[in-house]
There are 2 protein chains.
Amino acid sequence: MDKLNLMTSFIAVAEEGSFTAAANRLGKTKALISTHISQLEDLLKVRLLIRSTRSMQITSEGQSYYEQAKKILDDIVTLEAQLLHESQSLVGRLRISAPTTFGELVLMPCIAELTSANPELEIELLLNDRFVDLISEGFDVALRVGNLADSSLIARPAGFTKMILCASPEFIEHYGEPESIHQLADLPCVFDTNHRQAGSWSFTQDKQIVEVKPYITVRVNSALASANMARTGRVIAYCPEFSVHAMLEKGELISLLPHENKSQIPVNVIYPHRQHLSSRVTTFTQHFIDYWHRITG
Amino acid sequence: MDKLNLMTSFIAVAEEGSFTAAANRLGKTKALISTHISQLEDLLKVRLLIRSTRSMQITSEGQSYYEQAKKILDDIVTLEAQLLHESQSLVGRLRISAPTTFGELVLMPCIAELTSANPELEIELLLNDRFVDLISEGFDVALRVGNLADSSLIARPAGFTKMILCASPEFIEHYGEPESIHQLADLPCVFDTNHRQAGSWSFTQDKQIVEVKPYITVRVNSALASANMARTGRVIAYCPEFSVHAMLEKGELISLLPHENKSQIPVNVIYPHRQHLSSRVTTFTQHFIDYWHRITG
DNA sequence: CTCATTGTTTAGTATTATTTAACAATAAGA
DNA sequence: TCTTATTGTTAAATAATACTAAACAATGAG
């Protein structure tokens, strides 16, 4: 028994003053309205309407019920409209999880654009390279660089980032520029432990994936830290393009063997569910993907 | 789709923190809870809960919906309890319709007892000898003296009143006491036009109904008026016992042929419906019936 | 790694909602 | 006064849905 249906029927009858008119208003039959009123009266154990075949009169209890029932139905409509508006407007908080370096270098300018366009959007960005459980930590959305583990989470591909093998001019002056990736086994390297394969770097040559074990002198769980290490001139680094972009532009680092390595790693936007995404999430996602395509060409 | 059911399930989940616990609380299966939540989210087009098989988290929209939905369910419970209380207490108005003389002489003392015992009961008594439509004029209850016309109304028999043929001592002194009802055709009479049969009186002799056409000198639509007419000594009257009771006691009127006439007419309590009577109506009805039995013996 | 427990899905069943049609009651019109 | 049209009610039939049971995939605890 759908109580809200019964209430709706009763309100229509009270306002129209007749079962038939109420049935027309609601697009139902008068028979249904009749059973609805009977059910409601049985449920409430109170007579709401006094009716003969021709005339009808609302009881004092019916009048009191009408007023309050109408308010309750209004409250439900208001609640639902407000909730929909809340989820479809760009007001409120958006919790984002992202890898540290990626967040620092890529995401901050992207988010700056978004918030200046939507001042009421509150963004909370948590940068972390450890594994993050989106659901239990209450994130709305996350960015992941690299291949994804199997998961129940939903991924939306945003594009790719090139992997750059690089060193400083001082390093090249001292060791000379390597002519093949296999020389990395003999040259001092810094290793970003955020990479999946422990102790090895993978390159793509002529669409073939080649694994090389570099000579590792330093390990660190940060792409930016390893780029900065390379800038000292002591080591070669293998970093995502975004983390060394500025240093390459300034000439502080130089890309090595750019024609021999076409490695790319995927960038994904992740959310914990697929349905009824708030527009905060969809707006952020779309804006990030646009931004990423803009800066990676 | 019973929206209140969906809301109830969601509230249980939000409070218990798990679908299974919510299902146990409501005595339903977890499968049902799962579909309820999905339906509610589809209905609202908003994600309320973020859930994996093991952990669950309420969204900010879900939290807001929970608080307001809970209030709405509370409002419904409160409304229903209040309505039931309202109809079961003796507070409020009771509109009664009754014949004029009956109301003036019988009902007023009866109602006086009732209101002094229930000070919060407001009684509105409308006395009227014309036909009254209980429903369209909004009466809760009516009293009818005499046989009832066929009707959709509900009648509860309260007892009977004797019909008394009577005249004043002066009348008897002048005309002598009649020895048979058939003499009424020759003696001057006052006729109460509230009687059903126009121009004739019916008597009950040895369980046989006898119709007599009296010699009518005055017609009036009031039993009390016809009794007062008889008290002048000019005419014989035929009245319900309650309307001449006081005059008989004082000796102002004398009952004629009491052993030859056993006519009684029924007294009924009438209401426009049978179900969900307010306790105002049932209390009044019971009190009147008790009172009537007390005064008629 | 196993096991128990979670939420989801599907198919089947039970229940309810709704309509259709026949009905009794009654106000309006002839 | 009689007929007609319209009212609310009822019963039976059907459409819709609520609910369950069972099998499932995912995952945290031991």
Side-chain angles (χ1 to χ4, degrees), chain A residues 1-10 12-14 16-43 47-58 62 131 133-137 149-154 272-275, chain B residues 1-10 12-14 16-43 47-58 62 131 133-137 149-154 272-275:
Chain A
M1 173 188 313
D2 186 340
K3 197 184 286 180
L4 293 180
N5 249 350
L6 306 187
M7 290 165 76
T8 305
S9 292
F10 172 66
V13 170
E16 299 285 339
S18 123
F19 283 36
T20 308
N24 291 336
R25 184 212 270 193
L26 301 176
K28 301 288 163 62
T29 58
K30 59 188 178 170
L32 185 62
I33 304 295
S34 176
T35 60
H36 276 178
I37 300 299
S38 298
Q39 284 182 344
L40 190 57
E41 287 180 333
D42 288 348
L43 180 77
R47 193 83 184 186
L48 299 170
L49 299 168
I50 297 175
R51 47 200 184 275
S52 69
T53 41
R54 256 347 226 214
S55 61
M56 89 174 314
Q57 185 88 2
I58 194 164
F131 171 78
D133 181 347
L134 287 203
I135 294 173
S136 66
E137 299 189 32
D150 285 347
S151 160
S152 63
L153 302 175
I154 311 305
H273 50 81
R274 192 188 307 275
Q275 284 143 354
Chain B
M1 172 189 314
D2 186 341
K3 197 184 284 180
L4 292 180
N5 249 350
L6 306 187
M7 291 164 77
T8 305
S9 292
F10 172 66
V13 170
E16 299 285 340
S18 125
F19 283 36
T20 308
N24 290 338
R25 184 213 270 194
L26 300 176
K28 301 288 162 63
T29 58
K30 60 187 178 172
L32 184 62
I33 304 295
S34 176
T35 58
H36 276 178
I37 301 299
S38 299
Q39 284 182 343
L40 190 56
E41 288 179 332
D42 289 348
L43 180 77
R47 193 82 183 186
L48 299 170
L49 299 167
I50 296 176
R51 45 201 186 274
S52 69
T53 42
R54 256 347 225 214
S55 61
M56 91 173 313
Q57 186 90 2
I58 195 164
F131 172 78
D133 181 349
L134 286 202
I135 294 172
S136 67
E137 301 188 31
D150 284 348
S151 161
S152 62
L153 302 174
I154 312 303
H273 50 81
R274 194 188 305 275
Q275 284 144 355

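By convention in this document, chain letters (A, B, ...) are assigned in the order of the sequence lines, proteins followed by strands, and residues within each chain are numbered from 1.
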*Which is true for A:Ser18 with a 4.0 Å heavy-atom rule: it touches a base, it touches only sugar-phosphate, or it touches nothing?*
sugar-phosphate
_Integer-rounded Å distance: D:dA18 P and B:Leu40 CG_ = 13 Å
_Quick check: closest heavy atoms across A:Leu4 and A:Thr8, and the distance to 0.1 Å?_
O-OG1, 2.6 Å
*Measure across A:Phe10 and A:Leu48 and return the closest heavy-atom pair with its distance rounded to 0.1 Å.*
CE1-CB, 3.7 Å
_Partners meeting side-chain hydrogen bond (donor to acceptor under 3.5 Å, both in side chains) with A:Glu41 (sequence neighbours left out)_ = A:Arg51
*If only side-chain N and O atoms of A:Thr20 are considered, is one of them under 4.0 Å from the OP1 or OP2 phosphate oxygen of D:dG8?*
yes
*CD of A:Gln57 versus P of D:dT7: gap in Å, rounded?*
18 Å
*When you measure from the side chain of A:Ser34 to the backbone N and O of A:Lys30, does any donor-acceptor pair fall under 3.5 Å?*
no
_Using whole Å, what does the distance between atom P of nucleotide C:dT8 and atom NZ of B:Lys30 come to?_
10 Å
*asked:* Looking at every heavy atom in both A:Ser9 and A:His36, which two are closest together, and how far apart are they?
replied: OG-ND1, 2.7 Å
*If only side-chain N and O atoms of A:Ser34 are considered, is one of them under 4.0 Å from the OP1 or OP2 phosphate oxygen of D:dT9?*
yes
_With A:Lys3 via salt bridge (Lys or Arg N to Asp or Glu O under 4.0 Å) - residues at least two apart_ = B:Glu80
*Rounding to a whole Å, what distance do you find between A:Arg47:CZ and D:dG8:C1'?*
12 Å
*Provide, to the nearest angstrom, the distance between the CG atom belonging to B:Leu49 and the C1' atom belonging to C:dT6.*
14 Å
*Between P of D:dT20 and CG of B:Leu26, the distance in whole Å*: 11 Å
*Return no unless some side-chain N or O of A:Arg51 is found under 4.0 Å from OP1 or OP2 of D:dT9.*
yes
_Is there a side chain to side chain contact (heavy atoms under 4.5 Å, CB included) between A:Phe19 and A:Leu49? Walk through the geometry before answering._
CA-CA 11 Å; A:Phe19 283 36; A:Leu49 299 168; 3.9 Å; yes
Atom pairs, N/O to N/O, protein against nucleotides 10-17 of chain C, distance under 3.5 Å?
unit_1	atom_1	unit_2	atom_2	d
C:dA17	OP1	A:Met1	N	2.9
C:dA17	OP1	A:Asp2	N	3.0

*What's the CE-C1' distance between A:Met56 and D:dG8, to the nearest Å?*
9 Å
*The side chain of A:Thr29 lies closest to which of these nucleotides: C:dT19, D:dT20, D:dT9?*
C:dT19
_Position toward the 5' end of DNA chain C (nearest nucleotide), B:Asp133 or A:Gly27_ = A:Gly27
*Figure out the CD/P separation between A:Glu16 and D:dT6, and round it to whole Å.*
18 Å
